Trainee: 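Take this structure first; my questions come after.
Given the structure is predicted, the values throughout are model-derived calculations rather than measurements.
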Amino acid sequence: MDYKYTGDDFDIKKAPTKVKDSADELEKIKKQIDENLHHIRHAQKMMYARHKYGILVVFQALDAAGKDSMIAHIFSGVDPIGFKVANFKQPTSTELRHDYLWRINKELPSRGEIGVFNRSYYEDVLVSRVHPEIILNANLPGIDSLSDVDSHFFKERYQDISDYERYLSRNGFVIFKFFLHISKEEQKKRFLRRINLPKKHWKFSSSDIRERQYWDQYQKAYEKAINATATKKNPWYVVPADDKWYSRLIVSDILTKEIEKLPLAYPKLSPEETAKLDSAKEELLNEK
């Protein structure tokens, strides 16, 4: 099944949240994921050695869709020297005094690194679309009331984001945008699990229940954002997330296959540098 969207053909109601019951294939799935992770770790080493390409992995989802566990599992074993994760929550007062991409730029990976955004700049066209009062807090010119935060406002933000991603692409960054698509029924199960298990209590917040009341609005916001910002160069991947292991398989498959398309290789030394290595080797071997 193709989970990639590159244009305005995404219908969230038709997108599956579960592909099939993978319980009988769990060991096979885990084995394939491990193979994928091996390829990702190998690619990261070559990336870091040359600093020519950078990878930005964006995870967006509703609460309890499995972003944290996805990141922890997919990038387990990746060398921390060339890896970073940034989490974006509600903007602080300082962040609101800057443009909304200001805090994003500070957390971008460098070329040679893999960077992961646990939520991202898309929050500014998702949460803020459901709760437009957040935009008023930014004190933007020409935005004086909720009526000013209209469809035209978000159309311009979608354009900002698309331009920003094109800019990053031209500067050597490969962007992977994953929407972990969970069903309302599965989210309920996971919330109840967090409430019933003491070791999961820390993961639950009363705000999760409040936001659940806006389920339909969030569905529409995601559909609009994905259709407005999915391009051939920077597509969206809509991943069924009701089954955590299967969603990890899908994400690791996509990362592995797409990263393998990059012309990655370890740097080749010039004859002069090779001669220096030979000289250093000889010096070490002749030490007394």
Trainee: Is there side-chain contact between I175 and K233, with at least one heavy-atom pair below 4.5 Å?
Mentor: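 In short, these two side chains do not touch, never coming nearer than 4.5 Å.
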Trainee: Indicate, with yes or no, if I226 and F59 share a hydrophobic cluster defined by side-chain heavy-atom contacts under 4.5 Å among Ile, Leu, Val, Met, Phe, Trp and Tyr.
Mentor: no
Trainee: For E123 and Q60, does a side-chain donor sit closer than 3.5 Å to a side-chain acceptor?
Mentor: yes
Trainee: Please tell me if the side chains of F176 and V58 come closer than 4.5 Å, counting only heavy atoms from C-beta onward.
Mentor: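 Answer no - side chains too far apart.
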Trainee: Between R194 (side chain only) and K203 (backbone N and O only), is there a donor and an acceptor less than 3.5 Å apart?
Mentor: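 Yes: the side chain of R194 pairs with the backbone of K203.
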Trainee: Salt bridge or not for R103 and E107, using N-O below 4.0 Å?
Mentor: no
Trainee: Parallel under 30°, tilted from 30 to 60°, perpendicular over 60°: which one fits the rings of F179 and F10?
Mentor: perpendicular
Trainee: Are there more than 12 heavy atoms of other residues, nucleotides or ligands under 6.0 Å from atom NZ of K30?
Mentor: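 Enclosed: over 12 neighbouring heavy atoms sit under 6.0 Å from NZ of K30.
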Trainee: With a 4.0 Å cut-off, would you call E223 and K220 a salt bridge?
Mentor: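 No, this pair does not count.
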Trainee: Looking only at non-hydrogen atoms, find the nearest pair between F88 and R119 and report the distance.
Mentor: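 So the two residues come closest at CD1-O, 3.3 Å.
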Trainee: Hey, what's the ring geometry for Y121 with F117, parallel, tilted or perpendicular (30° and 60° as the breaks)?
Mentor: perpendicular
Trainee: Determine whether more than 12 heavy atoms belonging to other residues, nucleotides or ligands lie under 6.0 Å from atom CZ of R166.
Mentor: yes
Trainee: Ignoring hydrogens and geometry beyond distance, is a side-chain donor-acceptor pair present between D11 and Y5 at under 3.5 Å?
Mentor: no
Trainee: Does N234 offer a backbone N or O that forms a donor-acceptor pair with the side chain of K177 under 3.5 Å?
Mentor: yes
Trainee: Under the 3.5 angstrom rule, does the side chain of H201 hit a backbone N or O of I195 as a donor-acceptor pair?
Mentor: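 Looks like yes, one N/O pair under 3.5 Å.
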Trainee: Side chain to side chain contact (heavy atoms under 4.5 Å, CB included) between S169 and V174: does it pass, once the steps are laid out?
Mentor: CA-CA 6 Å; S169 297; V174 182; over 6 Å; no
Trainee: If you draw a 6.0 Å radius around NZ in K52, do more than 12 non-hydrogen atoms from other residues or ligands fall strictly inside?
Mentor: no
Trainee: For S110 and E113, test the side chains for any donor-to-acceptor distance below 3.5 angstrom and give the result as yes or no.
Mentor: yes
Trainee: Closer than 3.5 angstrom, by distance alone: can the side chain of D208 be matched with the main-chain N or O of F204 as a donor-acceptor pair?
Mentor: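 Side chain of D208 to backbone of F204: no pair is present.
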Trainee: Are D163 and Q159 close enough that a side-chain donor and a side-chain acceptor fall under 3.5 Å?
Mentor: yes
Trainee: How far apart are the closest heavy atoms of G54 and M47, and which atoms are they?
Mentor: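 Shortest heavy-atom contact: CA-CE, 4.0 Å.
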Trainee: Under 3.5 Å, is there a donor-acceptor pair between the side chain of H51 and the main chain of R111?
Mentor: yes
Trainee: Under a plain distance cut-off of 3.5 Å, with no hydrogens placed, do T92 and T94 share a side-chain donor-acceptor pair?
Mentor: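 Absent: no donor and acceptor within the cut-off.
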Trainee: Checking K18 against Y246: is there a side-chain donor and acceptor pair closer than 3.5 Å?
Mentor: no
Trainee: Taking the side chain as every heavy atom from C-beta outward, state whether F191 and R212 have any atom pair closer than 4.5 Å.
Mentor: yes
Trainee: Would you say the side chains of E35 and H39 form a donor-acceptor pair under 3.5 Å?
Mentor: no
Trainee: Please evaluate residues K188 and E185 with respect to the criterion salt bridge (Lys or Arg N to Asp or Glu O under 4.0 Å), reporting the C-alpha separation (whole Å), side-chain torsions for both, the decisive distance (0.1 Å), and the verdict.
Mentor: CA-CA 5 Å; K188 179 180 179 179; E185 293 75 18; over 6 Å; no
Trainee: Taking the side chain as every heavy atom from C-beta outward, state whether W102 and L96 have any pair of such atoms under 4.5 Å apart.
Mentor: no
Trainee: Other residues, nucleotides and ligands only: do more than 12 of their heavy atoms fall within 6.0 Å of NZ on K184?
Mentor: yes
Trainee: Step through the shown structure and confirm whether more than 12 heavy atoms of other residues, nucleotides or ligands are within 6.0 Å of OH on Y167.
Mentor: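 No, OH of Y167 has 12 or fewer neighbouring heavy atoms, counting only those of other groups under 6.0 Å.
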Trainee: Report the residues that fulfil side chain to side chain donor-acceptor pair (under 3.5 Å) with Y214, sequence neighbours left out, ordered by chain and then residue number.
Mentor: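 For Y214, no residue satisfies side chain to side chain donor-acceptor pair (under 3.5 Å) once neighbours in sequence are set aside.
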Trainee: Could you tell me whether the side chains of E165 and T229 share a donor-acceptor contact shorter than 3.5 Å?
Mentor: no
Trainee: Just by modelled atom types, is the D63 backbone N or O under 3.5 Å from a matching donor or acceptor in the Q187 side chain?
Mentor: yes
Trainee: For residues Y100 and S128, is any side-chain donor paired with an opposing acceptor at under 3.5 Å?
Mentor: no
Trainee: Is it the case that the side chains of Q32 and N36 hold a donor-acceptor pair, with the cut-off being a distance below 3.5 Å and no angle test?
Mentor: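 Indeed, the side chains of N36 and Q32 share at least one donor-acceptor pair under 3.5 Å.
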Trainee: Does the Lys NZ or Arg CZ of K200 fall within the cation-pi geometry relative to W202 - under 6.0 Å from the ring centre and within 45° of the axis?
Mentor: no
Trainee: Is there a side-chain contact between V149 and F154, using heavy atoms and a 4.5 Å cut-off?
Mentor: yes
Trainee: Which heavy atom in Q219 sits nearest to a heavy atom in I12, and how many Å separate them?
Mentor: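 Distance-wise, the nearest heavy atoms are OE1-CD1, 3.2 Å.
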Trainee: Would you say the side chain of I135 lies within less than 4.5 Å of the side chain of R157, judging by non-hydrogen atoms?
Mentor: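 In contact.
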Trainee: Does S183 offer a backbone N or O that forms a donor-acceptor pair with the side chain of D242 under 3.5 Å?
Mentor: yes
Trainee: Is the backbone of A275 close enough, under 3.5 Å, to the side chain of S279 for a donor and an acceptor to pair up by distance?
Mentor: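 Such a contact is absent between S279 side chain and A275 backbone.
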Trainee: Do other residues, nucleotides or ligands put more than 12 heavy atoms under 6.0 Å from the CD atom of E260?
Mentor: yes
Trainee: State whether the number of non-hydrogen atoms from other residues, nucleotides or ligands found under 6.0 Å of K67 atom NZ is greater than 12.
Mentor: yes
Trainee: Search all heavy atoms of I33 against all heavy atoms of R248 and return the closest pair with its distance.
Mentor: CD1-CB, 3.8 Å
Trainee: Could you go step by step and tell me if D79 and Q44 meet the side chain to side chain contact (heavy atoms under 4.5 Å, CB included) rule?
Mentor: CA-CA 8 Å; D79 192 332; Q44 183 216 17; 3.5 Å; yes
Trainee: Side chains of W215 and V130, heavy atoms from C-beta outward: is any pair under 4.5 Å?
Mentor: no
Trainee: Answer yes if Y53 and F75 sit in the same cluster of Ile, Leu, Val, Met, Phe, Trp and Tyr residues linked by side chain heavy atoms under 4.5 Å apart, and no otherwise.
Mentor: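 Linked within one cluster.
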Trainee: For A65 and L180, which heavy atoms make the closest approach, and how far apart are they?
Mentor: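 Closest approach of A65 to L180, heavy atoms only: CB-O, 3.8 Å.
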Trainee: Would you name the heavy atoms of S69 and G66 that are closest together and state the gap between them?
Mentor: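 So the minimum-distance heavy-atom pair works out to OG-O, 3.3 Å.
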Trainee: Between I114 and Y48, is the side chain to side chain contact (heavy atoms under 4.5 Å, CB included) condition met? List the steps.
Mentor: CA-CA 9 Å; I114 295 176; Y48 191 75; over 6 Å; no
Trainee: Begin with the C-alpha distance, continue with both residues' side-chain angles, and end with the deciding distance and a verdict on ring-ring contact (aromatic ring centres under 6.0 Å, His included) for W236 and Y222.
Mentor: CA-CA 11 Å; W236 270 98; Y222 269 101; 7.5 Å; no
Trainee: For side chain to side chain contact (heavy atoms under 4.5 Å, CB included), just list the numbers for E282 and N286, CA-CA rounded to whole Å, side-chain angles, deciding distance to a tenth of an Å, and then say yes or no.
Mentor: CA-CA 6 Å; E282 183 178 356; N286 290 331; 3.3 Å; yes
Trainee: Quick one, Y237 with Y3, criterion ring-ring contact (aromatic ring centres under 6.0 Å, His included). Give me CA distance, side-chain angles, the key distance, then yes/no.
Mentor: CA-CA 5 Å; Y237 297 95; Y3 304 99; 8.7 Å; no
Trainee: Is there a donor-acceptor contact under 3.5 Å linking the side chains of E211 and H131?
Mentor: yes
Trainee: Does any part of the side chain of L108, heavy atoms only, come nearer than 4.5 Å to the side chain of N105, both counted from C-beta?
Mentor: yes
Trainee: Should the pair E258-K261 be classified as a salt bridge under the 4.0 Å nitrogen-to-oxygen rule?
Mentor: yes
Trainee: Taking atom CD as the centre, does E283 end up with more than 12 heavy-atom neighbours from other residues, nucleotides or ligands that are less than 6.0 angstrom away?
Mentor: no
Trainee: For the side chain of D148 and the backbone of S145, is there at least one donor-acceptor N/O pair under 3.5 Å apart?
Mentor: yes
